[in-house]
Amino acid sequence: MAILDFFRSDKKKAASVAKERLQIIVAHERSTLRHSGPDYLPDLQRDILAVIRKYVEVDQDAVNIQLDNRGDDLSVLELNVTLPEEK
Amino acid sequence: MARIIVVTSGKGGVGKTTSSAAIGTGLALQGKKTVIVDFDIGLRNLDLIMGVERRVVYDFVNVINGEANLNQALIKDKRVDGLFILPASQTRDKDALTLDGVEKVLDELSEQFDYIICDSPAGIEQGALMALYFADEAIVVTNPEVSSVRDSDRILGILASKSRRAEKGLDPVKENLLLTRYNPSRVERGDMLSVEDVKEILAIPLLGVIPESQAVLKASNLGEPVVLDEQSDAGQAYLDAISRLEGNEVDFRFLTEPKKGIFKRIFGG
């Protein structure tokens, strides 16, 4: 087996591939899941979308909502609505 | 006041129940009054691993519903003094555990025990959330394998946001990494994530490393927690982890391949 291993040595070891993949996916999930704010955000987003749709026809993804914690006593709720171009 | 410790992982089959049984038993061996609570409602297995499956009369849900009192449901271990098991119910009602009910039972246990070990079910549903909600500390059981590490990271996120300590703004749940089914030879060949790799990704303190061991299957076959097999590598590794849990500094063992004798080197095995 050692001889076979020698010829295969140019290939990346499975463990280091695993580590790289994990570092990427874990970092991604931490930023999207862990810091995505309180549980009510998706509901809030849906309700705001419904209100806007009463007046303007917009896409599902036209409303983007984010909660940023800036320091201990300041949270900023950021609401982004993309309105369709006037025809 | 008892220390409430949840043994959790996200992923199934990584060794939560084995670890709960081993750690609970080990703590009792150190003279700590310990209860292990099975939160896996509908799929209880702690009773089997502890070898008390034929002594279950009442269970956790019976106590919550007031159909039995706590002392009727607690099973006293016959091998180790001060060790008790609270079995899960086999009901299919997944909402059988309520926050109020669990809190009441844990409060009552807290009066008589030094340690409450909560054996969590896999997943991130009701049972798992109940098991971790009241915890002061968490032991995150992880295998050196991609899906297990990823799920452990998810569970860490949930501990930091959905636990009682998080919701009440108290000190966060203390996190401990327990790496199980570790195979040093495969790590040395570059086929398996190393302790350092997993530590770097999850970034939490390491409580213990349990080597992949024949002793674990043997222990569950016999219904004897693996720490009672004092000769075994896994048993010793768990005892080391328990000592660390109690605040002692213990060197890590079983991280390298055991030295092979000359015959094994030549003939393999």
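Residue numbers start from 1 in every chain, and the chains themselves are labelled A, B, ... in the order their sequence lines are given, proteins ahead of strands.
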Practice prompt. Determine whether more than 12 heavy atoms belonging to other residues, nucleotides or ligands lie under 6.0 Å from atom CZ of B:R165.
Written response: yes
Worksheet, complete the sentence: Interatomic distance, NZ@A:K19 vs CD@B:E196, rounded to 0.5 Å, equals 9.0 Å
Practice prompt. Please check if atom CD in A:Q60 has more than 12 non-hydrogen atoms from other residues, nucleotides or ligands closer than 6.0 Å.
Written response: no
Fill in: From NZ (A:K13) to CZ (B:R189), nearest 0.5 Å
9.0 Å
Worksheet item: Which pair of non-hydrogen atoms, one from B:L193 and one from A:A18, has the smallest distance, and what is that distance?
Response: CD2-CB, 3.9 Å
Item to complete: Find the distance between CD1 (B:I201) and CD1 (A:I24) and round it off to the nearest 0.5 Å.
Response: 10.5 Å
Discussion item. Surrounding CZ of B:R3 (heavy atoms of other residues, nucleotides or ligands, distance under 6.0 Å), is the total greater than 12?
Written reply: yes
Discussion item. Please give me the minimum heavy-atom distance between A:L22 and B:V146, naming the atom from each residue.
Written reply: CD2-O, 3.4 Å
Discussion item. Surrounding CZ of A:R21 (heavy atoms of other residues, nucleotides or ligands, distance under 6.0 Å), is the total greater than 12?
Written reply: no
